[in-house]
2 protein chains.
Amino acid sequence: MEDRKYTILLADDEKEIVDLLSLYLENAGFSVIGVFNGKEAFDVLCRKDAFIDAAVLDIMMPGMDGYTLVRKIRETSNMPILILSARSDDSGKILGLDLGADDYITKPFNPLEITARVQAQLRRYYRLNAPAAQAQERITAGGLVLDRASCTLTKNGREIPLTAIEYRILCLLMENRGRVFTKSRIYEHVWGGDFYESDDNTVMVHISKLRDKIEDDPRNPVYLKTVRGLGYRFEKEK
Amino acid sequence: MEDRKYTILLADDEKEIVDLLSLYLENAGFSVIGVFNGKEAFDVLCRKDAFIDAAVLDIMMPGMDGYTLVRKIRETSNMPILILSARSDDSGKILGLDLGADDYITKPFNPLEITARVQAQLRRYYRLNAPAAQAQERITAGGLVLDRASCTLTKNGREIPLTAIEYRILCLLMENRGRVFTKSRIYEHVWGGDFYESDDNTVMVHISKLRDKIEDDPRNPVYLKTVRGLGYRFEKEK
DNA sequence: CGCAGCCTTAAAATTACCTTAAAAAATGCC
DNA sequence: GGCATTTTTTAAGGTAATTTTAAGGCTGCG
């Protein structure tokens, strides 16, 4: 474990639970931000001045239930999430885990166990989420340079104007150089939401436009390759 | 591509549990290696031909108890580990988690919950640990290397162009090396939908084309074998 | 030896993909 | 808010590649 003090977001509408668990977690060396409903929890997460290392969330909360909160957190973060609930049915457990929670503990619980599980999750998180995972700001391929800080593409030193969608597609494919993406996967990543057959053509049009912009000969692409029947791939550089 | 099959090591001295859980995990799309004591489990982990994505281990096992096994696994691997135990005392749980287990589930349990927890652990593991994910996206057999990220096949370092259907058939068979697939099973996996008699020949044509591409002598195939009356099998590597 | 199962090859059929332009929607400026 | 501009989506024609179908021949087994 690193030396710094980790901050845990603890959200439960039962004040006694928040107080009790806070005690144990603080005793174990954590810093705890305790709140009593889902909305507050979400607000804490949106604040820039409080970095949360892990969340311990009750399911049944006013303002925003735990499931919704898990989903929202997962849109932007990989932080460990542990769910607490008085529900003992398994379908609720499975739903929580499917939504992206990392653990699910039913009440009543032993606070020491919660503490151990939080520690285990954080240990794992910081072991696996190495500094090497730090995002590169620039991705280079041949004469192309994608700058993700400024959201620009340059080819041989000259900026190529991209539309938002073109940029997002290229970003996805260049970040995952070599990997084949189906049209539906591209759609889901770039547009979000569900893919329908008719969206096929939309993706293809954008791919075509992107090729016009980045390839020397768009009809014989060097970077943005088609894998017929499977999808598209940004070529790994040689 | 993202849909490869994960392999779970399942170790418990109660055969009924191994059988039951295997059923559920296999139904969820996992490949399961079931063993009945700690020593066997450790032996499986030392084998080079079986890459284990996650382990589900009982604590009280002959040959090597679960705690020892967790410690040994953690010496060399970050794979997700889930512990099963009849013990309900919390100190055992906490010890397991401190040793490096990622989850601890007390018996009796719902197999669906175990499955969901395995899935959650794997999801997290491969989201946070990208290099590990990539290592497993290649399957090697002799001079053949199937790369499932880029959807390419290379033979002795040179890329062999495959059509989408050829690629899918080969993927299926190489992922399940050694296993016989009937023509109808191949059809259902690769094409989806129902198999009719007339599709027999379609499958055979593709197999023939695939042999042309991957075998040194397609008429005397070394990799892609026919099991007369039963189906086809990609030979296990020697 | 007969026959079912399998293999191979080539032609017919189908499909996936590409491009282009028009319609629709979104954005930015005055 | 109106309007010009830009972006995105939809529609449609064309083509190369892939897939399916058909059919002759080979192989292994009872």
Side-chain angles (χ1 to χ4, degrees), chain A residues 151 153 160-171 173 180-233, chain B residues 151 153 159-173 180-233:
Chain A
C151 296
L153 175 74
I160 308 279
L162 298 178
T163 66
I165 290 198
E166 285 163 5
Y167 174 78
R168 304 233 293 280
I169 291 173
L170 190 60
C171 221
L173 296 180
V180 171
F181 281 79
T182 59
K183 287 191 281 289
S184 58
R185 289 305 302 255
I186 290 171
Y187 188 88
E188 283 158 11
H189 275 93
V190 170
W191 280 266
D194 295 332
F195 175 81
Y196 299 102
E197 278 278 324
S198 51
D199 299 318
D200 230 33
N201 195 56
T202 300
V203 175
M204 281 189 281
V205 168
H206 287 294
I207 293 284
S208 185
K209 288 287 169 60
L210 199 42
R211 279 179 173 143
D212 282 343
K213 292 182 177 181
I214 72 173
E215 300 281 350
D216 288 336
D217 179 6
R219 286 172 194 264
N220 296 284
V222 158
Y223 296 111
L224 214 174
K225 297 281 186 118
T226 303
V227 184
R228 194 177 171 88
L230 294 173
Y232 300 99
R233 174 179 77 205
Chain B
C151 299
L153 175 74
E159 182 168 340
I160 307 280
L162 298 178
T163 66
I165 291 200
E166 286 163 4
Y167 172 79
R168 287 211 188 94
I169 292 174
L170 190 59
C171 227
L172 175 67
L173 296 180
V180 174
F181 280 78
T182 60
K183 287 190 282 288
S184 58
R185 289 304 304 261
I186 290 172
Y187 189 88
E188 283 159 11
H189 274 91
V190 169
W191 281 265
D194 297 330
F195 175 82
Y196 300 102
E197 278 279 323
S198 51
D199 300 318
D200 230 35
N201 193 56
T202 301
V203 173
M204 281 189 282
V205 168
H206 288 294
I207 292 284
S208 183
K209 286 287 170 59
L210 200 40
R211 280 179 173 143
D212 282 343
K213 292 182 177 180
I214 72 173
E215 301 281 351
D216 288 335
D217 180 8
R219 286 170 194 264
N220 296 284
V222 157
Y223 296 111
L224 214 173
K225 298 281 187 112
T226 302
V227 183
R228 196 174 173 88
L230 291 176
Y232 300 99
R233 176 180 74 210

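Naming convention: chains lettered A, B, ... in sequence-line order (proteins, then strands); numbering from 1 in each chain. No experiment lies behind these values; they were computed from the predicted model shown.
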Using whole Å, what does the distance between atom [atom2] of nucleotide [N] and atom [atom1] of [X] come to?
X        : N      : atom1 : atom2 : answer
A:Tyr187 : D:dT8  : OH    : C1'   : 11 Å
B:Asn201 : D:dT21 : CG    : C1'   : 7 Å
B:Asp200 : D:dT21 : CG    : P     : 12 Å

With sequence neighbours excluded, what pairs up with [X] under the side-chain hydrogen bond (donor to acceptor under 3.5 Å, both in side chains) test?
X        : answer
B:Thr182 : B:Ser184
A:Asn220 : A:Asp217
B:Asp194 : none
B:Thr202 : none

Taking N or O atoms only and anything under 3.5 Å, show me the protein contacts with nucleotides 26-30 of chain D, one pair per line.
{"unit_1": "D:dT27", "atom_1": "O2", "unit_2": "B:Arg228", "atom_2": "NH2", "d": "3.1"}

Holding to salt bridge (Lys or Arg N to Asp or Glu O under 4.0 Å), I want the full list of residues that pass it with [X], two or more places apart in sequence or in another chain.
X        : value
B:Glu159 : none
A:Arg168 : none
A:Lys213 : A:Glu166
B:Asp216 : B:Lys155

| message | Any residue in residues 202-222 of chain A with a heavy atom nearer than 4.0 angstrom to DNA chain D? Just list them by number, or reply none. | response |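 Nucleic-acid contacts, sorted: A:Thr202, A:Val205, A:His206.
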| Which nucleotide span of DNA chain C, 5' end to 3' end, has atoms closer than 4.0 Å to non-hydrogen atoms of chain A? |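 Here the contact window of chain A covers C:dT15 to C:dT20.
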| request: Find the bend of the helix from C:dC1-D:dG30 to C:dC30-D:dG1 as the angle between its two terminal axes (five pairs each), to the nearest 10°. | output: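 It works out to 50° between the end axes.
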| said: Looking at D:dT20, I'd like to know if its phosphate oxygens (OP1 or OP2) sit under 4.0 Å from a side-chain N or O belonging to B:Trp191. | reply: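 Yes.
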